[in-house]
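Everything on this sheet refers to the single structure shown next.
In the text below, chain A, chain B and the rest are named by the order of the sequence lines, each starting its count at 1.
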Amino acid sequence: MLDFLGNLERTDLCGELRAADAGKQVVVMGWVNRRRDHGNLIFLDLRDRSGLAQIVLDKELTPEGHLKGEQVRPEYVVAAVGKVRLRGADAINPKMPTGEIEIEATELLVLNDTRLAPFSPSDEAIQNEETRLKYRYVDLRRPEMQRNFRLRHDITLAIRESLSKQGFLEIETPILTKSTPEGARDFLVPSRVHPGEFYALPQSPQIFKQILMISGFDRYFQIARCFRDEDQRADRQLEFTQVDLEMSFPRRESVFEVVELFCKAAFAVAGVALQTPFPRITYDEAMKQYGTDKPDLRLPGLTDVRSAFTDADLGTLQIDPALPVVALRIPKVGELSRKEREENHPTFDSKKGAKFIDDFKRLAKGFPEAAAKVRELAGAAEGDFVIIVAGDPAHHIKASDTKFPGRLSEREINVYAAAGNFRSELAKKYAEKHGAFAITEAAVNKTEPLAGAAGVMPFNPIWIVDFPMFEYDLADAKWVPAHHPFTSPYEADMANLLTDPASVRANCYDLAMNGLELGSGSIRIHRKDVQQQIFQSLGISDEEAHQRFGFFLDALEYGTPPHGGIALGLDRIVMLLAGAPSLREVIAFPKTAKAIDLMADAPTTVSEHQLKELHIRVALKS
RNA sequence: GGGGACGUAGCUCAGUUUGGUUAGAGCGCUGCCCUGUCACGGCAGAGGUCGCGGGUUCGAGCCCCGUCGUCCCCGCCA
């Protein structure tokens, strides 16, 4: 028999009660976490979002309450009325924050019962994702999840506060907007009123925020939902949230300062201190030193070890002498057996036209000097695992060898990237041995700080700058923008737009942290003549440009101030600070890798009637 | 679109190597007992389309083919 709540009002949250509350008359409400029935004495652990408190139901004190206590089961929703009392010295539970007290109930109301859940929020073991997502409401009751969303709230609030203080206005932009053929696949929404026409969900508020600058808002931000219809990853969902901002009259440094300030505030609420300014690295240097444009600074980077080998050595080893020869080093891994090394081999992306040497004993037999020099150059200590990655002349790949002065060739980038991928995969695999990630775990779990490798911080932000403006498309033999076409080139490089596109650097920047891309932005083009030059260098006619971005190009002609901005992945920031392995841990209702909402059961087919109203006919591929 | 891992009780998993009687364990669940537990304890019990379909075989959880689902990765993500 269930009880009504009536006029009963909650006075306290379970997890907040302390010894100082002893003697206080309280009403607490929540879920039964566990029940321990001793016959005439029943203990309930009552859980609400603040934590647990023990309720005691004594048959002598409250025969009715005790009777109800016999009936309740885990996850029943109950209200307990009673008095907080200190536990006897031998009954104190030091493992619980509320372990010094308990609530001596005089009344127990059973507000709701429950079907047997497929798992219990009090379970320690991680459930399989399918079950967790289907019964997300139960999953979200788990203290870890409650903590993640409290953290997400606190971070979002800190960012809003920081940006507001820095003079940014939060302005909403449309969710139903116009499809632009650039970038990712759009989600389309059919128009009922306009047969055959579609809105698109925004991939980002990019064009709108630029128009807000033209509109004179000077500093805009938005915690913006974005939609991209692409395949998912652990750090990528179809819909995700960006901290999106744009500012007028900025130097690049002004954007960096704004971001560094709000990041500092956001990380501070998680108890993490970030050092500002964040370090910077050029795109080329990032590729050379880390083999990626989102480096993880917690581990040593790549080392150029070309000088350790003579041309003859490289010939014997069948290494391309014109391509980079780099060493990657994973500290403290110790000696690996042949079998252990071979298990790592599938991790290496051989499609990039690179090869590796991980058998140093064998290398040292044939090339003792080179092997020693490589370890010396890489700064390898005893027990550090070193691998050489180099170009494989035998492996033909579709990549350009064309060397544009001052720029890495595609094949060079491929060798660095193969080394970079291998580095981060091995770093993950041997995390326990090198210990460089433990300091991050300790920081997010707020346990005692562990000693990481010397100088290693738990979170390592870094700005990546000086990206190339264009990439060469081999298939179509033309230059294509590496970024969206409103990204400004450096003023100094503009003269080369048509004569030497390879040398043009984009005035854009990425923020990376611990191997994750956190954000990306740029100083935009604000002048019509520059925009035209860019289109011209991309081979886009005026007519075509207007068809694709018409309204925006119009707006550009009405007094556009110099402006620029950035967007940071809020979900990824929270994921990092929560120490979560996937975005799904910090998004309340995420989708699976196949883009399904297992709880709501979306997507689904819709009725003929709905389709008809939208002028849509479904034609499935047979 | 491609590659890989996984799928056995409500949950976590063992059993699959080498096919062979009635498929097991822990937790949870149900009933009874228990006044100081907090992962309470004790006794008894229920619970299985071994993801699904097909094949091989005297016989399939185990072998083969297909398929579905979850996860990870490549492609993709201006």
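Among the heavy atoms of the strands lying under 4.0 Å from A:E130 are primed sugar atoms or P, OP1, OP2 only; no base atom is included. Nucleic acid contact for A:R87: base, since at least one base atom lies under 4.0 Å from a heavy atom of the residue. Looking at heavy-atom distances under 4.0 Å, A:D37 makes contact with a base. When heavy atoms are screened at a 4.0 angstrom cut-off, A:R584 is found touching the sugar-phosphate backbone but no base atom. Residue A:A234 is in sugar-phosphate contact alone, with no base atom involved, counting any heavy-atom pair closer than 4.0 Å across all strands shown. At the heavy-atom level, A:R85 lies under 4.0 Å from base atoms of the strands shown.
Proximity of A:R233 to the phosphate of B:rC74: a side-chain N or O atom is located under 4.0 Å from OP1 or OP2. For A:S120, no side-chain nitrogen or oxygen approaches OP1 or OP2 of B:rG28 to under 4.0 Å. For A:R34, a side-chain nitrogen or oxygen approaches OP1 or OP2 of B:rC40 to under 4.0 Å. Checking the phosphate oxygens (OP1, OP2) of B:rA39, a side-chain nitrogen or oxygen of A:K95 falls inside 4.0 Å. Close to B:rG31, at under 4.0 Å from its OP1 or OP2, lies a side-chain N or O of A:R73. At B:rC38, none of the side-chain N or O atoms of A:N93 fall inside 4.0 Å of OP1 or OP2 (strictly under the cut-off). At the phosphate of B:rC6, neither OP1 nor OP2 sits under 4.0 Å from any side-chain N or O atom of A:N128. The side chain of A:R35 places no N or O atom within less than 4.0 Å of a non-bridging phosphate oxygen (OP1 or OP2) of B:rC40.
Applying the side-chain hydrogen bond (donor to acceptor under 3.5 Å, both in side chains) test to pairs two or more places apart or on separate chains, those with a residue in residues 68-87 of chain A are A:D3-A:K68, A:R47-A:E75, A:E75-A:R141, A:R85-A:E102, A:R85-A:E104.
Separation of the P atoms belonging to B:rU18 and B:rC40 is 43 Å when rounded to the nearest angstrom. The same atom, C1', is picked in B:rG51 and in B:rC62; the two are 16 Å apart, to the nearest Å.
Note on A:R142 versus A:D123: no salt bridge recorded, every NZ/NE/NH1/NH2 to OD/OE distance being 4.0 Å or above. Between A:D229 and A:R185 there is no salt bridge, since none of the side-chain N atoms of the basic residue sits less than 4.0 Å from a carboxylate O of the acidic one. With salt bridges taken as basic N to acidic carboxylate O contacts below 4.0 Å, none links A:R228 and A:E230. Between A:R147 and A:E144 there is no salt bridge, since no side-chain nitrogen of the basic residue lies less than 4.0 Å from a carboxylate oxygen of the acidic one.
Ring stacking holds between A:F43 and B:rU37, with the centres under 5.5 Å apart and the planes within 30 degrees of each other. Residue-nucleotide stacking is not present for A:H38 and B:rU37, judged by a side-chain ring centre under 5.5 Å from the six-membered base ring centre and planes under 30° apart.
Candidate nucleotides B:rC40, B:rC76, B:rC77 were compared by shortest atom distance to the side chain of A:R36, and B:rC40 ranks first. The A:L41 side chain lies nearest to B:rU35 when the options are B:rA78, B:rC71, B:rU35. Listed nucleotides: B:rU70, B:rC72, B:rU37. Nearest to the side chain of A:K594: B:rU70.
In the interface, the side chain of A:D90 is not paired with the base of B:rG36 through any donor and acceptor atom under 3.5 Å apart. A donor and an acceptor atom sit less than 3.5 Å apart, one in the side chain of A:E102 and one in the base of B:rG36.
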